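The structure presented is a predicted model; accordingly, all values stated were derived computationally and were not measured. Reminder, nothing fancy here: chain letters follow the sequence lines and each chain counts from 1.
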Amino acid sequence: MRWSRTLIPTLKEDPQEAEVASHRLLLRAGMIRKLTSGLYTYLPLGLRVLRKVEAIVREEMDSAGAREVRMPILQPMELWERSGRRAVMEEIMLTSQSRQGREMALGPTHEEVVTALVAAEVGSYRQVPLNLYQIGPKFRDEIRPRFGLVRCKEFLMKDAYSFDCSEAAAEKSYRLIFEAYLRIFSRCGLKVETVEADTGVMGGSLSHEFMVPASSGEDGIAACPSCGYAANLEKAQLRPPEPAAPTAEELQTVETPGMKSVAELTSFLSAPPERFIKTLLYRAGAAIVAVLIRGDRQVNESKLKRALAVEEPALAGEEEIRKVTGAPMGFSGPVGLKGIRLLADYSVLTIADGITGANREDLHLLHVNRERDFKVDEYADLAVAAAGDGCSRCAGRLTIGRGIEVGHTFKLGDKYSRALGATVTDEKGREIPLIMGCYGIGISRMVAAVVEQNHDSAGIVWPPSVAPYQVALLALNPDEEVSSRADGIYRGLAAAGLEVLYDDRPVSAGIKFNDADLVGLPIRVVVGKKSLRAGKVELRDRSGGEVESVSPDDLLESLRRRLEVRPGDNLK
RNA sequence: CGGGGCGUAGCGCAGUCCGGUUCAGCGCGCACGGUUCGGGACCGUGAGGUCGGCGGUUCAAAUCCGCCCGCCCCGACCA
């Protein structure tokens, strides 16, 4: 492609709207442009990258036995009522009405559609295993789009859905896709970490996230360097700490006028947050439960949900708190709380001589000791993991990092197949619900992740497998001679099947060099008067290394050699 | 949804505090002419603006006040 015949609006300066590297560089390299918050246009170069990633995903999905389909973006809301997910998903869905007055939504995901399809078309155990996937736009009305392509309202996703008639077979389908995912990310030049994750609104029993470690990532990852355990912060299980020995000091009441938060109390009483027992009142179905946790820790509501076995635990309101504790919000404590279940995070075990609310306005208690002053019904792992916490699998300590979630796999069980009637007849003639799995990859987000992991101060350094073109051909100060030589070389390389972006613009050499670095194609070929005089052209890898001078006749061979050495593929 | 920041030419910004002959400005880009020509060249000429929008205060508003819109960042019930 001739640079002069396409649209690559590079930017000399950093756009003020972009904070993270991928966002900044994709804008500067003229690959994407924002329409409005969370919505981007892919310009020719950006689209080529998107397509490269898409092609790799498609190849690996196909060879893992999945079959591509294409489902509508627009979906009837009625389907979401049938699956019972309308309530939880509605707020991220953009809805509208058809002319007939039917409520429609832009699909944020397609479990409902695919399950309805399979319910209608698959009736026998002989037709499974079946895995259907598609690559297409998804729409989610995100509360806060962020970081360019990382979190958009509209994005490109690959979503796959497996159907099996036994747990064992479903497990096998899951493994197959899990392994395909590892190949996909590696082929795209991404280093990923797989972590155990929470299943969230998808439901199901087990799920893994594929995370690209990046400081700009939105998700926290807890990892254990000793045993390799890794999990999303939401999910990371913690080892119970060593209990602290109680003290003999007498319980004492202290006035704390208007001091409601641990932060306020910490400075008022000059005691560290680790000595506070926070008492949070949660609504669990009809009952109210008191949840105790150390003052410096946070309750992980996903864990709490599992511990309480209720759908949506929610913090109790001011009214309920008064009713249960007899005091306003901010002065709750476990001592003397009657007729209510006390659930405590393991962190409470480390508190001896604690501080907690007195269940009376403007009063707190000092020298509180568990067992002596209050009795916990159950200790559980309820805290959001923090650096240095004990690993649940070994004696190691967890580290906390950040990552971009590029893929997510779920074992769904029969949640959707039951709700939407996706059943088959088994060998014995019984009707059984299909066991499902679902598997997503954020294709557009992967583009951002690749840039996060592959850039330097001058610009993007594309892995060859997803680079928009393989070769940047620069004609320096193109007079007639340089121009005609470069034209010839361009035609020759293109005819040989190489993807070449030919910078034929009438701009200065410096601009071409800088733009080439910014755009980040794997190999740069320079044609200029200086080297032409010696009968040579120059090659250089974007990833570094020396400039190589070769005669134009040897150029093709030289390029092929450089491209082959790479771990990437997809060089047709 | 809460908090913070921002909105002036295509892009990056100054001017806003303290209203008025520095108030429509700078750099880059763009167009034309000329000189240059291997890491963002130089000279000259020129085009380009509802100062985010609406309303108000004032003799006078980019500047002060009110409402609204958009964008970016942080946080979303932790007692």
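Applying the salt bridge (Lys or Arg N to Asp or Glu O under 4.0 Å) rule to pairs touching residues 527-540 of chain A yields A:D479-A:K529, sequence neighbours excluded. The side chain to side chain donor-acceptor pair (under 3.5 Å) pairs that include a residue from residues 315-338 of chain A are A:R283-A:E320, where partners are two or more places apart or lie in different chains.
A donor N or O paired with an acceptor N or O is found under 3.5 Å between the base of B:G39 and the side-chain atoms of A:N514. Scanning atom types as modelled, one donor and one acceptor separated by under 3.5 angstrom connect the side chain of A:R524 and the base of B:G39. Taking only distance into account, the side chain of A:D14 never meets the base of B:G12 through a donor-acceptor pair shorter than 3.5 Å.
The separation of B:G49 from B:U8, taken at their C1' atoms, amounts to 8 Å, rounded to a whole angstrom. Annotation: B:G38 and B:C74 have their C1' atoms spaced 46 Å apart (nearest Å). When the P atom is compared between B:A61 and B:C11, the two are found 27 Å apart, to the nearest whole Å.
Contacts between residues 272-281 of chain A and RNA chain B, defined by a heavy-atom separation below 4.0 Å, involve A:K278, A:T279, A:L280, A:L281, listed by number.
Remark: B:U50 base-pairs with no nucleotide; criterion is Watson-Crick or G-U wobble with both hydrogen-bond distances under 3.5 Å.
Under the rule for a ring pair (Phe, Tyr, Trp, His ring centres under 6.0 Å), the partners of A:Y40 that lie at least two apart in sequence or sit in another chain are A:H23.
Geometric assessment of A:R85 against the ring of A:W80 yields a negative cation-pi assignment under the 6.0 Å and 45° thresholds.
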Kindly list each side-chain donor-acceptor pair under 3.5 angstrom involving residues 340-357 of chain A, sequence neighbours excluded, with atom names and distances?
residue : atom : partner : partner atom : Å
A:R341  : NH2  : A:E378  : OE1          : 3.1
A:D345  : OD1  : A:L382  : N            : 2.7
A:D345  : OD1  : A:A383  : N            : 3.1
A:D345  : OD2  : A:S347  : N            : 3.0
A:D345  : OD2  : A:S347  : OG           : 2.6
A:S347  : OG   : A:R294  : N            : 3.2
A:T350  : OG1  : A:R294  : NH1          : 2.8
A:T350  : OG1  : A:S347  : O            : 2.7
A:D353  : OD1  : A:H367  : N            : 3.4
A:D353  : OD1  : A:H367  : ND1          : 2.6
A:T356  : OG1  : A:I277  : O            : 3.2

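Nearest-nucleotide positions on RNA chain B place A:V507 closer to the 5' end than the other of A:V507 and A:L265.
For A:S508, a side-chain nitrogen or oxygen approaches OP1 or OP2 of B:A41 to under 4.0 Å.
What separates CG of A:D515 from P of B:G40 is a distance of 12 Å, to the nearest Å.
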Protein-nucleotides 71-75 of chain B N/O pairs under 3.5 Å:
residue : atom : partner : partner atom : Å
B:C71   : OP1  : A:T36   : OG1          : 2.6
B:C71   : OP1  : A:S37   : N            : 3.1
B:C71   : O3'  : A:K34   : NZ           : 3.0
B:C72   : OP2  : A:S37   : OG           : 2.9
B:C74   : OP2  : A:R144  : NH1          : 3.0
B:C74   : OP2  : A:R144  : NH2          : 2.4
B:C74   : OP2  : A:R146  : NH1          : 3.4

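The side-chain hydrogen bond (donor to acceptor under 3.5 Å, both in side chains) with A:D515 is formed by just one residue from the set A:K12, A:R28, A:R505; it is A:R505.
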